[in-house]
Every structure is written in C-alpha cells, then in structure tokens.
Amino acid sequence: MIPSWRNVPELADRHKLAVLVMEEGSAQMIARRLGCSKASVKSALLFHGLAVSDTVVRRVR
C-alpha cells in the first residue's frame, strides 16, 4: 500500500516540503494549505528527515 502523502506532490518532494516548513512553520498549517491531513504531513516530514521545529529555529536566526 502506498502512503497517502505520496499522492500530494508537495509532500513527496523533499525540497518543496522544506520550503513549506519554512513558510508555514507547523504541520497543521502545511496541512491546511495543501488540503490534506496533519498526519500525512507528519509522515512525510518523518520520511524526509525534516523537523518543523529545527527549520523554524534556523529561520529565526
């Protein structure tokens, strides 16, 4: 079975997802923007090795 987040191009592409994390800052906001579930966003973040809080910290510095 293919994970549902793979059907969302922005979640399947690591670079696009990293940009979304920097722009939105939270899995909930990314999910709202893309029209998918927060669980899908979190699964994609885990798969790609991205963490919302780490990226937000870098953005503030």
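Here the closest non-hydrogen pair linking Cys36 and Val41 is SG-CG2, 3.8 Å. The shortest heavy-atom contact between Leu45 and Ala27 is CD1-CB, 4.5 Å.
Applying the ring pair (Phe, Tyr, Trp, His ring centres under 6.0 Å) test to every pair with at least one member in residues 26-49, sequence neighbours left out, gives these pairs: Trp5-Phe47, Trp5-His48. Annotation: salt bridge (Lys or Arg N to Asp or Glu O under 4.0 Å) contacts involving residues 11-21, sequence neighbours excluded, are absent. Among pairs with a residue in residues 27-37, those fulfilling side chain to side chain donor-acceptor pair (under 3.5 Å) read Glu23-Arg33, Glu24-Arg33, Ser37-Ser40, at least two apart in sequence or across chains.
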Check step by step if side chain to side chain contact (heavy atoms under 4.5 Å, CB included) holds for Leu34 and Leu20. CA-CA 10 Å; Leu34 299 179; Leu20 281 171; 3.8 Å; yes
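Neither Val21 nor Met29 shares a network with the other; the hydrophobic side chains, linked directly or stepwise wherever heavy atoms of I, L, V, M, F, W or Y lie under 4.5 Å apart, form separate groups for each.
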